[in-house]
Amino acid sequence: MKSNASESNKSSGSESNKSSNKSNQSWSPEAEFSGKLTFRDYLIATEQQANQPLPFWRLLVPLLIQTGLIMAVPTQAVYTDVAGKTVILQSASVDPDDVRQNYAINLDYNISRIATLRRLPGWQELLRQNRGRNRQLADGTNLYVTLEEREFSGRGVPSAWRPIRVSGRRPTNLANDQVALKGVYRDGVVNYGVETYYIPEEQRERISRDISRALDSREGRRQPIVVKVKVDPQGNAVPISLWVRDRNYRFE
């Protein structure tokens with residue numbers, strides 16, 4: 001009898017301990033929820049979340065970023081036009097047939113050519129710091145050409161500014177009659193961002209005729225074709241107008 005009672009007490013004690021352990025076991029809210037959640041419930045919750053409208057800021061931010069990228073170029077041009085200094089550049093050559101047949105004039109400047117720049121002070125230092133293949137300037141090299149204003153009588157075609165130095169860094173403390181124009185060397189020439197001028201159709205024939213006359217003057221020498229640009233303090237430039245003989249064509 002004592003043995004049976006003892007076994008009964010052990011059995012009831014064991015069950016009591018199991019019950020106590022279950023009651024003392026702690027469950028996290030995530031565990032309880034995952035135990036009750038079915039796959040169907042998961043699909044319903046996912047679909048409801050997908051159908052919820054996006055917050056307004058998530059639509060506004062990408063729109064502002066896209067607008068900023070679109071406006072960056074014209075804003076830079078406006079800033080350069082307003083804050084820039086007027087500079088006159090000498091065009092090396094213009095093809096009149098190119099003007100007549102296309103929507104744009106492709107301008108080539110004397111400072112675009114390496115033959116001009118290598119004669120300037122600072123060229124050897126620039127080449128040493130940015131040497132590419134075959135002892136040439138490496139493609140993609142940024143450079144600054146310092147231009148100095150020439151005296152102008154105020155009549156006729158203005159005189160082109162004279163290049164006096166080239167450097168790899170933007171010069172500071174320039175004189176009032178000097179400016180630093182930023183360019184990029186690519187494929188054997190330097191581009192300054194003012195090489196292409198888009199012209200209205202009604203002006204093509206007239207500009208082409210004027211260029212032909214300027215290149216083939218009766219005096220046997222070519223008349224100057226110069227371009228007026230604005231250069232901002234960072235060296236960026238925008239074209240303003242073009243002089244062909246004694247006529248000035250303003251860029252649109």
Side-chain angles (χ1 to χ4, degrees), residues 72-94 104-130 137-186 188-198 223-244 246-252:
V73 174
T75 300
Q76 176 63 51
V78 171
Y79 166 75
T80 302
D81 190 11
V82 173
K85 178 180 291 187
T86 299
V87 176
I88 307 300
L89 300 180
Q90 177 66 59
S91 174
S93 64
V94 179
I105 297 176
N106 295 314
L107 300 171
D108 180 21
Y109 302 97
N110 61 338
I111 58 174
S112 300
R113 300 178 176 182
I114 299 302
T116 300
L117 298 182
R118 64 161 49 107
R119 295 196 295 265
L120 299 178
W123 171 259
Q124 292 300 327
E125 178 67 15
L126 176 68
L127 183 61
R128 185 183 66 82
Q129 295 177 352
N130 301 276
L137 202 62
D139 262 12
T141 297
N142 292 324
L143 56 86
Y144 292 85
V145 177
T146 301
L147 302 168
E148 187 174 71
E149 185 178 12
R150 287 177 175 173
E151 186 177 351
F152 175 52
S153 63
R155 296 180 179 180
V157 179
S159 301
W161 288 39
R162 181 172 61 96
I164 61 173
R165 185 173 180 80
V166 62
S167 60
R169 294 184 179 181
R170 181 168 60 88
T172 57
N173 301 323
L174 295 175
N176 291 332
D177 61 346
Q178 296 177 350
V179 72
L181 179 62
K182 182 180 180 180
V184 181
Y185 174 80
R186 292 191 186 281
V189 297
V190 179
N191 295 315
Y192 299 94
V194 289
E195 285 73 24
T196 302
Y197 162 41
Y198 295 94
Q223 298 179 1
I225 298 176
V226 298
V227 179
K228 175 183 176 181
V229 302
K230 285 287 192 72
V231 182
D232 67 20
Q234 287 72 44
N236 303 303
V238 293
I240 303 299
S241 62
L242 170 76
W243 268 274
V244 183
D246 57 348
R247 288 197 179 96
N248 180 247
Y249 295 95
R250 183 169 180 83
F251 294 174
E252 300 294 337

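What you see is a predicted model; the values in this text were computed from it and never measured.
Every salt bridge (charged side-chain N to carboxylate O under 4.0 Å, His left out) that Arg162 has, sequence neighbours left out, goes to Glu148. Under the side-chain hydrogen bond (donor to acceptor under 3.5 Å, both in side chains) criterion, Ser241 pairs with Asn248, not counting sequence neighbours. With sequence neighbours left out, the salt bridge (charged side-chain N to carboxylate O under 4.0 Å, His left out) criterion links Arg170 to no other residue. Residues that satisfy the side-chain hydrogen bond (donor to acceptor under 3.5 Å, both in side chains) test with Arg128, not counting sequence neighbours, are Glu125. Listed by chain and residue number, nothing satisfies the side-chain hydrogen bond (donor to acceptor under 3.5 Å, both in side chains) test with Arg150 (two or more places apart in sequence, or in another chain). Listed by chain and residue number, nothing satisfies the side chain to side chain contact (heavy atoms under 4.5 Å, CB included) test with Ala115 (two or more places apart in sequence, or in another chain).
At least one side-chain heavy atom of Val145 sits less than 4.5 Å from a side-chain heavy atom of Leu117. At a threshold of 4.5 Å between non-hydrogen side-chain atoms, the residues Tyr185 and Asp139 count as touching. Contact of the Leu89 side chain with the Leu181 side chain is registered, since non-hydrogen atoms from C-beta on lie closer than 4.5 Å. With a 4.5 Å cut-off on side-chain heavy atoms, Val189 and Arg113 do not count as touching. Gln90 is listed as a side-chain neighbour of Asn110, based on a closest heavy-atom distance under 4.5 Å. In this structure the side chain of Val157 reaches within 4.5 angstrom of the side chain of Val226, judged on heavy atoms.
Atoms OG1 and CD1, on Thr116 and Ile111 in that order, are 9.0 Å from each other to the nearest 0.5 Å. In this structure, CD on Gln178 lies 8.5 Å from CH2 on Trp161, to the nearest 0.5 angstrom. The distance from the CG atom of Asp232 to the NZ atom of Lys85 is 12.0 Å, given to the nearest 0.5 Å. To the nearest 0.5 Å, atom CG of residue Asp177 and atom CD of residue Glu151 are 11.5 Å apart. Atom-to-atom distance recorded for Asn236:CG and Lys230:NZ is 14.0 Å, nearest 0.5 angstrom.
Although no hydrogens or angles enter the test, the distance criterion places no donor-acceptor pair under 3.5 Å between the side chain of Asn191 and the main chain of Gly193. Of the possible donor and acceptor atoms, one in the side chain of Tyr109 sits under 3.5 Å from a partner among the backbone N and O of Val194. Formation of a donor-acceptor pair under 3.5 Å by the Tyr192 side chain with backbone atoms of Val238 is not found in this model. Looking only at distances, no side-chain donor or acceptor of Lys228 sits under 3.5 Å from a matching main-chain atom of Trp243.
Nearest heavy atoms, Ser91 versus Leu107: OG-CD2, 4.4 Å. The minimum heavy-atom distance between Ile88 and Ser159, with the atom names listed, is CB-O, 3.5 Å. Closest approach of Thr146 and Pro171 over heavy atoms only: OG1-CG, 3.6 Å.
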Quiz prompt | Derivation and outcome, side chain to side chain contact (heavy atoms under 4.5 Å, CB included), residues Leu137 and Leu143 | solution = CA-CA 11 Å; Leu137 202 62; Leu143 56 86; 4.0 Å; yes
